[in-house]
Every structure is written in C-alpha cells, then in structure tokens.
Amino acid sequence: MSATTANPPNAGVWGRRTGLLRPAQVTLALLCVVAVIGDVGLALIMPATVPAYDFTVVSSLAPALPTVAGAAMSLLLVIRRPENWIGWLVGTLVVVSGLSGMSDLYKFDILYGGALPRFLVVPVVVFGSALGGLVATVVVQLPLVFPDGHLLSRRWLPVAWFNWVVGVVGVAAAVIDPRVVGDGHRQIANPLGWRAAVGAIDATYTITSLPAWLVLTAIGLVSLGLRFRGAGRNRASRSSGSRRGSPWSASGSLSG
C-alpha cells in the first residue's frame with residue numbers, strides 16, 4: 001500500500017482548494033514573529049528578584065538564534081513547498097516552544113513582582129504549559145515524515161497516532177495541574193487544577209516525558225534510517241541501470 005494512503009491530505013492542494021493556504025501562511029509567520037520577539041522582550045524586562053534557578057538572561061536568550069533560523073526555514077518551506085508538511089511542522093515547533101517559553105517568563109515576572117498584568121497570568125501560563133506538552137510530539141513527528149512530509153507506509157500510522165495521543169495526554173495533565181502557575185517556591189492557584197489528581201498527574205508526567213519520548217524518538221530515527229537506506233538502494237539501482245545502458249559499458253563489454 002502506498003505511503004500516501006497513510007498520510008493527511010497534501011497541505012498545498014488542500015489549502016488552495018479551500019482558500020486557506022495564504023491565511024495559514026500569514027498566520028504562521030505572525031505567530032513565529034510573536035514567539036521570537038515575545039521571548040526576547042520578556043527576557044529583557046525580567047525583574048532582578050527572579051532567582052537564578054528560574055531565569056538568567058543568557059539561558060533565556062540562547063535559544064533566540066536557532067529559533068530565528070527555524071522560523072526562517074519553516075516560512076521558506078511553507079511558501080515554496082506548501083505541500084510538504086515538514087515546513088508546517090517546523091513552524092509549529094517554533095511557535096509552541098516559543099509561546100511556552102513566553103508563558104514561563106510571564107509566570108516568573110508575576111511571581112517575583114514584575115510589572116506585567118497579573119490578571120492574565122493564569123490563562124497565559126496554563127495555555128503555554130499545555131503547548132509545552134506538544135513540543136516533544138512535534139520533534140518526534142519530524143523524523144517520521146522527513147523529508148517529503150509522508151510516513152514510510154501505513155504500518156507507521158499507529159506510531160504517529162500514539163505520538164499525538166501521548167502529546168494530548170501531556171497537555172491534559174498540564175491543564176489540570178494545580179501547581180502549574182508556580183515554580184515550587186511561589187504559587188498562584190490554577191482554577192482548573194485538580195488537587196486530588198496530583199499523584200496521577202505526576203505519574204503521567206513521568207511516563208509521557210522521558211520514557212515515552214525516548215522510545216518514540218528511537219522509533220522515529222529507525223524510520224528515518226529505513227527511509228535513507230531505501231533511497232540509497234534506489235539510487236544505486238538507477239545508477240546501475242544507467243551504467244548498463246550507457247555506450248561506455250557497451251564498449252567495455254565488447255572489448256572484453
């Protein structure tokens with residue numbers, strides 16, 4: 001069965017048919033700009049009272065350069081190759097990681113006496129923490145569909161689905177975590193928090209963070225290796241066929 005039957009519709013064709021391609025490109029570009037500028041801007045206005053174990057200017061600004069590079073690469077891909085989901089995934093990674101980082105900085109500013117509006121801290125932090133649960137999911141998805149935006153075959157579809165299920169479970173755990181608007185030392189109540197489920201939430205974090213991420217990443221790398229091995233075989237086959245059909249190989253056989 002072909003790989004295309006195991007994949008979402010062509011992003012470029014779907015976007016052009018529905019008229020949503022251009023709005024989607026513009027929205028992704030704006031979100032990338034907000035993520036980059038927001039992270040840098042909040043890092044520069046952090047109050048000096050924020051402890052170093054929560055925040056340092058260097059550690060917050062260090063991801064800025066790779067984030068800008070990732071944003072530029074994703075926008076180039078979604079404009080030049082909108083049919084390839086890789087560009088959209090890279091852009092999504094930039095946005096979710098950037099907005100998640102912004103929510104953390106917003107939280108630290110409020111917890112330690114900054115000047116940002118306090119009434120927004122709970123929705124901003126809960127939303128940002130939920131997005132943070134999808135960062136690993138997008139990272140794992142990339143090698144599964146690299147470089148053409150499609151899975152190797154339908155047999156890889158359960159892996160992709162399981163990857164997104166793990167991400168959604170992590171998002172749900174972050175939303176109902178009563179401690180999410182805090183740093184372990186200072187705390188603001190999360191109205192969506194479910195204190196009786198703290199043990200289950202911690203177990204979910206433990207399972208969906210490192211163990212699941214490592215397993216899914218290893219599977220993604222296996223998929224990538226199989227893809228490149230198959231591509232190498234195809235190139236070798238084409239090269240062999242080209243040599244057999246070339247005048248040089250014919251003359252060589254005649255001379256032998």
Side-chain angles (χ1 to χ4, degrees), residues 26-75 89-140 142 167 170-195 198 201-202 204-206 208-210 213:
V26 172
T27 300
L28 182 62
L30 291 176
L31 288 175
C32 286
V33 170
V34 169
V36 172
I37 295 179
D39 265 353
V40 172
L42 288 177
L44 295 177
I45 65 169
M46 278 294 103
T49 52
V50 179
Y53 53 74
D54 276 339
F55 164 84
T56 65
V57 174
V58 173
S59 63
S60 292
L61 293 182
L65 187 58
T67 299
V68 170
M73 181 178 69
S74 72
L75 295 178
L89 284 171
V90 173
T92 300
L93 179 60
V94 169
V95 170
V96 297
S97 59
L99 295 183
S100 177
M102 284 176 60
S103 74
D104 282 339
L105 295 175
Y106 200 110
K107 174 177 67 178
F108 298 147
D109 181 273
I110 298 301
L111 289 175
Y112 291 94
L116 294 174
R118 186 181 178 89
F119 73 94
L120 290 174
V121 65
V122 172
V124 166
V125 173
V126 172
F127 179 70
S129 298
L131 287 180
L134 293 176
V135 171
T137 300
V138 179
V139 169
V140 169
L142 280 167
V171 167
V175 169
I176 65 172
D177 189 347
R179 306 154 298 180
V180 71
V181 193
D183 66 346
H185 302 274
R186 300 188 181 188
Q187 187 73 41
I188 295 175
N190 173 15
L192 300 177
W194 187 8
R195 191 160 295 279
V198 166
I201 292 170
D202 288 340
T204 301
Y205 286 152
T206 300
T208 62
S209 56
L210 191 58
W213 189 81

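A donor-acceptor contact shorter than 3.5 Å is absent between the side chain of Thr56 and the backbone of Ala52. For the pair Ser97 (side chain) and Val94 (backbone), a donor-acceptor distance under 3.5 Å is present. Using a distance-only test at 3.5 Å, with no hydrogens or angles considered, a donor-acceptor pair links the side chain of Ser74 to the main chain of Ala71. Judged purely by atom type and a 3.5 angstrom limit, Asn190 has no side-chain atom pairing as donor or acceptor with the backbone of Val180. Although no hydrogens or angles enter the test, the distance criterion places no donor-acceptor pair under 3.5 Å between the side chain of Lys107 and the main chain of Val121.
The two residues Ala29 and Leu75 make their nearest non-hydrogen contact at CA-CD2, 3.6 Å. Here the closest heavy-atom approach between residue Val175 and residue Val126 is recorded as CA-CG1, 4.1 Å. Shown here for Pro66 and Ala62, the closest heavy-atom pair between the two residues is CD-O, 3.6 Å. Taking each heavy atom of Ala173 and Tyr205 in turn, the nearest pair found is O-OH, 3.5 Å. The nearest pair of heavy atoms linking Leu120 to Tyr106 is CB-OH, 3.4 Å. Ala174 approaches Ser129 most closely through the heavy-atom pair CB-O, 3.8 Å.
Considering CZ of Arg186 and CD1 of Ile110, their distance stands at 12.0 Å, rounded to 0.5 Å. The OG1 atom of Thr49 lies 8.5 Å from the OH atom of Tyr112; values are rounded to the nearest 0.5 Å. Separating the CG atom in Leu42 from the CG atom in Asp104 is a distance of 10.5 Å, to the nearest 0.5 Å. Expressed to the nearest 0.5 Å, how far CG of Leu142 lies from CG of Leu89 amounts to 5.0 Å. Here CZ of Arg179 is found 6.0 Å from CD1 of Ile201. Values are rounded to the nearest 0.5 Å. Expressed to the nearest 0.5 Å, how far CG of Leu93 lies from OG1 of Thr67 amounts to 8.5 Å.
For the side-chain contact (heavy atoms from CB on, under 4.5 Å) criterion with Phe127, the lone passing option out of Val125, Leu131, Val124 is Leu131.
Taking 4.5 Å as the limit, every side-chain heavy atom of Leu111 sits out of range of all side-chain heavy atoms of Val181. Here the side chains of Asp39 and Pro63 are not in contact, with every heavy-atom distance at 4.5 Å or above. Contact annotation: the side chain of Leu192 never approaches that of Val122 to less than 4.5 Å [non-hydrogen atoms, C-beta and beyond]. By the 4.5 Å heavy-atom criterion applied to side chains, Phe55 and Pro47 are not counted as neighbours. The side-chain heavy atoms of Leu105 and Ser60, taken from C-beta on, include a pair separated by under 4.5 Å.
Applying the side chain to side chain contact (heavy atoms under 4.5 Å, CB included) criterion to Val40, with sequence neighbours excluded, gives Leu44, Leu61, Ala64.
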